[in-house]
There are 2 protein chains.
Amino acid sequence: MPDIIQVLRRHGIQATPQRIAVAEYVLAANTHPSADEIWEQVRRRCPTLSRATVYNTLKLFVDKGLIKLQVLKEGTVVFDPRVDAHHHFIDVDTGKIYDVPWKALKVSGEKALRDFHVREYQVIMRGRKRRK
Amino acid sequence: MPDIIQVLRRHGIQATPQRIAVAEYVLAANTHPSADEIWEQVRRRCPTLSRATVYNTLKLFVDKGLIKLQVLKEGTVVFDPRVDAHHHFIDVDTGKIYDVPWKALKVSGEKALRDFHVREYQVIMRGRKRRK
DNA sequence: AAGCGGAAGTGGACATCGTCTAAATATCGA
DNA sequence: TCGATATTTAGACGATGTCCACTTCCGCTT
């Protein structure tokens with residue numbers, strides 16, 4: 001965990017106790033938490049942490065490429081510690097978001113779109129997760 | 001336009017002046033309006049229309065399959081009069097949402113996903129629209 | 001036609017998400 | 001150490017969406 005500071009520095013982010021706490025939580029998350037969920041969780045270890053700091057910090061992390069903002073839920077954006085390209089599956093019953101590896105799907109035709117210069121894309125799937 | 005009433009009835013929706021006004025607007029939209037945008041526009045013709053009615057009406061339309069709710073924007077959901085499957089392209093400069101025909105892209109591999117039963121999917125692309 | 005009961009509409013209170021600002025605090029370099 | 005800069009904080013604010021109690025409307029029965 002001490003190399004969290006190094007990770008921040010490599011992304012051009014000055015390390016502060018608040019930023020370290022947020023980074024530790026969000027980078028280790030295997031869910032896709034919202035800003036207020038992150039605030040609530042990190043505040044348990046760092047009770048003076050303010051809401052504005054969490055929002056500022058997450059925005060900074062996104063700008064610096066440490067995490068990625070995703071529009072996957074109604075009403076709020078979520079943050080994704082995986083910044084490499086991948087797809088998403090959303091369980092219609094629970095609302096849970098699952099990562100789908102980039103190579104699991106193949107999309108073709110996007111190059112032929114005349115009117116659009118596609119910078120990035122992903123497939124968003126909705127359905128039910130099979131119970132094991 | 002009188003057949004808006006027929007359209008509503010075919011979807012099991014009792015026609016009222018408010019619902020007709022909302023349906024006329026949203027079904028003719030070639031944008032992807034939010035609930036409050038719809039409220040603002042329809043209110044110009046129907047000034048007593050309340051905000052709660054617009055939200056209730058849109059939810060009813062979605063439940064009855066007349067329109068589709070889409071999670072494409074930060075902070076708000078939008079409504080799509082096209083209920084057939086299609087993809088979306090979002091201009092990163094303007095935020096504008098464009099429809100991309102289903103047949104323009106081909107996605108393969110979703111059947112092989114072991115853990116997920118995919119009910120529906122779409123490709124969401126972000127980039128810049130080419131100026132004509 | 002009158003009255004009843006359910007459906008629909010209304011206005012406002014309320015909760016949540018996100019932004020902004022001014023003031024306080026911490027940090028870094030000289 | 002000191003001062004300039006960066007960061008954090010608390011709270012106000014606006015926007016989105018839900019909820020509630022009350023009113024109004026509409027169809028149906030008698």
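Chain A is the first sequence line, chain B the second, and so forth, proteins listed ahead of strands; every chain is numbered from 1. These numbers were taken from a predicted model, which means no experiment stands behind them.
- At whole-Å resolution of the value, CZ in A/Arg51 and P in C/dC20 are 13 Å apart.
- Of the N and O atoms on the side chains of A/His32 and A/Gln70, not one donor lies less than 3.5 Å from an acceptor on the other residue.
- Along DNA chain D, the nucleotide nearest A/Cys46 and the nucleotide nearest B/Val77 are compared for position; the residue whose nucleotide lies closer to the 5' end is A/Cys46.
- The distance between atom CD1 of A/Ile38 and atom P of C/dG18, rounded to the nearest whole Å, is 10 Å.
- Distance check, rounded to the nearest 0.5 Å: CD1 of B/Ile67 to CG of B/Leu58 gives 5.0 Å.
- In this structure, A/Asp36 atom CG and C/dT16 atom C1' are separated by 8 Å, rounded to whole Å.
- Within 6.0 Å of CZ on B/Arg130 lie more than 12 heavy atoms contributed by other residues, nucleotides or ligands.
- With hydrogens and angles disregarded, no donor-acceptor distance shorter than 3.5 Å links the side chain of B/Glu24 to the backbone of B/Ala21.
- The shortest distance between side-chain heavy atoms of B/His11 and B/Val7 falls below 4.5 Å.
- When the C1' atom of C/dG18 is taken as reference, atom CG of A/Leu58 falls 12 Å away, rounded to whole Å.
- Considering only residues two or more places apart in sequence or on other chains, B/Phe116 meets the ring pair (Phe, Tyr, Trp, His ring centres under 6.0 Å) condition with A/Phe89, A/Tyr98.
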Listing time: all N or O pairs from protein to nucleotides 7-9 of chain C that are below 3.5 Å?
residue: C/dA8; atom: OP1; partner: B/Arg19; partner atom: NH1; Å: 3.1
residue: C/dA8; atom: O5'; partner: B/Arg19; partner atom: NH2; Å: 3.3
residue: C/dG9; atom: OP1; partner: B/Thr16; partner atom: OG1; Å: 2.6
residue: C/dG9; atom: OP1; partner: B/Gln18; partner atom: OE1; Å: 3.3
residue: C/dG9; atom: O3'; partner: B/Gln18; partner atom: NE2; Å: 2.9

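- The side chain of A/Thr76 places an N or O atom within less than 4.0 Å of a non-bridging phosphate oxygen (OP1 or OP2) of C/dG18.
- For B/Trp102 and B/Tyr121, the ring centers sit closer than 6.0 Å to each other.
- Protein chain B contacts DNA chain D over a range whose 5' and 3' limits, counting nucleotides with an atom under 4.0 angstrom from a non-hydrogen atom, are D/dT16 to D/dC19.
- Using modelled atom types and a 3.5 Å distance limit, the side chains of A/His86 and A/Asp80 yield a donor-acceptor pair.
- Between the CD atom of A/Glu40 and the C1' atom of C/dC17 there is a distance of 14 Å, given to the nearest Å.
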